[in-house]
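Residue numbers start from 1 in every chain, and the chains themselves are labelled A, B, ... in the order their sequence lines are given, proteins ahead of strands. The structure displayed is predicted, hence computed values, not measured ones.
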There are 2 protein chains.
Amino acid sequence: MTTLVESSGLPADAFSAKCPTRQVLDHIAGKWTVLVVDALQAGTMRYTELSRRVEGVSQKMLTQTLRALEADGFVTRTVHPTIPPRVEYDLTPLGRSLAEPITALRRWTEEHINEIEESRTRRVP
Amino acid sequence: MTTLVESSGLPADAFSAKCPTRQVLDHIAGKWTVLVVDALQAGTMRYTELSRRVEGVSQKMLTQTLRALEADGFVTRTVHPTIPPRVEYDLTPLGRSLAEPITALRRWTEEHINEIEESRTRRVP
DNA sequence: CAGGATCCGATCAGATACTG
DNA sequence: CAGTATCTGATCGGATCCTG
């Protein structure tokens, strides 16, 4: 059965410029999204934990990525009004579902990194 | 068994800032990479065929994406010196391997697009 | 601790014009 | 047909400073 996009009644097709799938794919394709979603698969994480786990991410980008994931319904943000504040991030069921293909992609890359480095034409960016 | 990155002898870990996996992941995360690799899974394609299949891509971006995929060893570019020229693109074995998790990601998005649209907070970019 | 606000350079990405 | 070259606006992303 083909997935239909509710309002349009058209089948979802990422190759079509008008399909909303494209926007979502663009978000997922962000530089840090894969790593953040993947990190959260290990379970609930606090802001600072995440920033340590995802090495090299600035707080600006981490915050921005988390806000986007929240807006897309992949992540929940829970604020405990204590002092000091404690903010926990967690995957929603939808986010956990997304984490599967995302983890697969990261794992593929890790597993094939040597092959890639070998077959790559010398061109260090 | 853990994958070792040849020159360093360290295990591949995408969360580590120094791991080459990160650069590759960044390439893959490009706006058009997913769609181009995915399109090529159907088989050999000419430049114009690709530009039609991946709706909305400019030739600049298509060319740039294809060159990057070539440099990373995911795609071959075959020029037939005829008039008019005929240039064919194809996945390498490595590229076909990569296409699997990539296709999984596109399919996941297509299959869950309605759920995502529902759970999304109103915020049309 | 978990960010918000701001500045600024790098890069991305589209539109347009031209070519072997 | 399959690009290259160029210009320009958008955005990404890092560094820095500030706060409840």
For atom [atom1] of [X] and atom [atom2] of [N], their distance in whole Å:
X       : N      : atom1 : atom2 : answer
B:His27 : C:dT11 : NE2   : C1'   : 12 Å
B:Glu88 : D:dA2  : CD    : P     : 9 Å
B:Leu50 : D:dG3  : CG    : P     : 10 Å
B:Met45 : D:dC1  : CE    : P     : 15 Å
A:Tyr89 : C:dC1  : OH    : P     : 14 Å
B:Asp26 : C:dA10 : CG    : P     : 18 Å
A:Met61 : D:dG14 : CE    : P     : 7 Å
B:Leu66 : D:dG3  : CG    : P     : 8 Å

Which of the following nucleotides, [options], is nearest to the side chain of [X]?
X       : options              : value
A:Pro85 : D:dC7, C:dC1, D:dA2  : C:dC1
A:Pro84 : D:dA2, C:dC1, C:dG14 : C:dC1
A:Arg46 : D:dA2, C:dA15, C:dC1 : C:dC1

Taking only N and O in the side chain of [X], is any of them less than 4.0 Å away from OP1 or OP2 of [N]?
X       : N      : answer
B:Gln64 : C:dA13 : no
B:Arg77 : D:dA2  : no
B:Arg67 : D:dT4  : yes
B:Ser58 : C:dA13 : no

No-hydrogen, no-angle side-chain donor-acceptor test under 3.5 Å, A:Asp90 and A:Thr44:
yes

Under 3.5 Å, is there an N or O donor on one side and an acceptor on the other linking the side chain of A:Gln59 and the base of C:dG4?
yes

Pick from A:Leu25, A:Leu4, A:Thr21: which one makes a side chain to side chain contact (heavy atoms under 4.5 Å, CB included) with B:Ile113?
A:Thr21

Identify which one of B:Leu62, B:Val57, B:Leu35 satisfies the side chain to side chain contact (heavy atoms under 4.5 Å, CB included) criterion when paired with B:Leu50.
B:Leu62

Rounded to the nearest 0.5 angstrom, the CG-CG distance for A:Leu91 and A:Leu98 is 8.0 Å

What is the minimum heavy-atom distance between A:Thr33 and A:Ile28, and which atoms define it?
CB-O, 3.5 Å

Flag, side chain of B:Glu110 to backbone of A:Ala14, donor-acceptor distance under 3.5 Å:
yes

Side-chain donor/acceptor of A:Thr109 to backbone N/O of A:Leu105, under 3.5 Å:
yes

Going by heavy atoms closer than 4.0 Å, what residues in residues 30-44 of chain B are next to DNA chain D?
none

